[in-house]
Amino acid sequence: MTKILFAASECVPFIKTGGLADVIGSLPQALMKDNLADVRVILPLYDEIPLEWQNKMEKKTSFKVEVGWRTHEAILYTLENDGILYYFIKNDFYFSRRGVYGYYDDGERFVFFSQAIIEGLPLLDFDADVLHAHDWQTGLAVAFANIYLPASRLKTVFTIHNIKYQGLLSHDSFDNLFNLSREHFNGLEWNGMLNCMKAAIFHADKITTVSPTYAEEIRQPYYSEGLDSILHEREGDLSGVINGINLEDYHPMKDPYIHVNYKSSRVKKKENKEALQAELGLPVNGDIPMYIAISRLVEQKGFHLLERVLDEFLQEDIQVVILGTGDYEFEHSFSHIAIRNSTKMHMLLQFNEGQARKLYASADFFLMPSKFEPCGLSQLIALQYKTVPIVRETGGLKDTVQAFNAETGEGNGFSFANYNAHELLSILRYSLDVFHDSSLWKKLMKNVNKSSFSWSESAKAYTNIYKSLTTLEDRE
Ligand code: ADP
């Protein structure tokens with residue numbers, strides 16, 4: 001079986017800031033379950049990882065990692081969970097901090113981690129065929145594998161989960177943080193900076209991204225965040241594989257966080273809604289349609305559009321709950337909209353898994369009018385909890401949500417095409433009309449109940465990519 005080493009900066013259940021953690025916490029299991037590949041995962045050992053996990057880790061060895069002229073110690077830990085072996089790299093200087101990202105030296109922290117992945121390879125007791133690295137934080141590991149191990153049979157796959165975050169370093173970091181000869185500068189450089197994502201796109205054997213539509217979009221300047229020309233150069237090796245979710249974990253019948261478990265019963269969903277309304281101090285009435293958003297509060301997620309039309313939409317007999325943290329601008333504006341409409345809207349400025357589950361279980365509609373969306377998992381989770389997604393037709397949202405058509409009765413959600421606040425408002429109004437028309441609502445619910453996004457097809461697609469690389473030089 002092909003041996004794959006996943007490298008990433010976050011992973012459920014240990015540490016999560018967004019969808020990347022969900023993917024790294026579920027795709028390896030899907031690959032292992034169907035005997036498609038033998039997968040292990042390497043992660044940084046952040047202080048932020050709960051002690052209950054840290055206490056279960058086993059120290060294996062330590063080794064030296066050079067970051068420019070400095071030598072750091074990397075301590076290798078292992079932990080087995082749910083059939084997967086995880087490696088953790090500990091270094092207090094870089095990872096003993098609050099939170100996960102957002103430090104002035106984030107670039108350097110992941111230069112270290114990427115370097116540690118490559119230098120640690122011989123110590124893992126795992127002769128990987130493929131290094132599968134995810135997002136900019138591990139992009140340099142792909143570059144280092146190519147540069148340091150040219151004779152090795154190790155192949156590399158790099159997955160772009162979000163092209164907006166590229167991991168930029170000043171160009172003089174090349175001398176300060178890397179021990180590479182000048183000939184490698186061009187592979188790392190982009191527009192006057194060192195760019196971890198570009199380095200991975202340049203060096204990887206195969207590049208994937210998380211939906212077919214996003215794989216098309218990032219070749220265009222509007223979506224590429226400046227990387228379209230390098231992606232054009234590599235387009236023969238670029239493909240889009242849609243993400244799945246762990247259906248056992250996101251399961252309204254088994255979810256321990258929610259008030260009442262259910263399969264598809266609207267009555268039980270209403271009970272969840274009423275419990276949440278009571279908890280949040282909103283008027284308790286299961287018949288009032290509830291719209292929610294659970295998200296990082298950033299421009300990507302379309303909050304500029306929502307900000308424009310929410311006061312107006314709140315004139316209707318509806319309730320809105322937003323759970324999220326992020327840019328001050330949005331934290332501030334949505335808190336104020338909630339204060340102005342306190343009997344109809346509640347703002348939860350938190351990152352809170354339990355609250356997220358309660359909201360998914362309670363709501364009728366999930367708001368995700370993203371400006372761009374590589375795949376998006378939240379709309380898949382919403383569908384799993386029988387909550388109707390309202391999305392803009394971009395990236396993975398376009399690939400997973402079909403607009404409801406009252407004539408044909410087809411479609412599992414609502415969508416609009418242009419990044420325009422009035423288009424959003426008119427689709428919100430349409431969603432409300434459908435909610436109040438019981439025969440249309442029934443048809444929509446039938447389609448929602450049939451929507452399911454497991455990993456099984458996509459895991460096979462990844463296996464084919466791994467095979468295309470390893471069978472070229474099969475050593476067995
Ligand atoms: P992204 O990775 O761009 O943030 P995704 O939709 O792919 O967006 O994944 C977001 C994940 O993070 C989902 O599992 C969602 O439920 C979760 N999430 C986002 N914001 C919060 C929050 N404030 N509290 C709890 N979970 C959250």
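Not measured: the values here are computed from a predicted model. One-based numbering, in listed order, for ligands and for the atoms of each.
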Considering both backbone and side-chain atoms of [X], is one of its nitrogen or oxygen atoms within less than 3.5 Å of a nitrogen or oxygen in ligand 1?
X: Q350; result: yes
X: N352; result: yes
X: A356; result: no
X: N162; result: no
X: T325; result: no

Strictly by modelled atom types, are S456 and S454 linked by a side-chain donor-acceptor pair under 3.5 Å?
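Short answer, yes.
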Side chains of H203 and T156, donor plus acceptor under 3.5 Å
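The answer is no; no qualifying pair exists.
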On the 0 to 90° scale, with breaks at 30° and 60°, tag the Y385-Y262 ring pair as parallel, tilted or perpendicular.
perpendicular
Y328, OH: over 12 other non-hydrogen atoms inside 6.0 angstrom
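Counting other residues, nucleotides and ligands, OH of Y328 stays at 12 neighbours or fewer.
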I'd like to know whether ligand 1 has [X] as a neighbour, heavy-atom separation below 4.0 Å.
X: K301; value: yes
X: Y250; value: yes
X: M368; value: yes

Considering non-hydrogen atoms of the protein only, which is the closest contact for atom 27 (C) of ligand 1, and what is the distance?
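Ranking protein heavy atoms by distance from atom 27 (C) of ligand 1, first comes F351 CE1, 3.5 Å.
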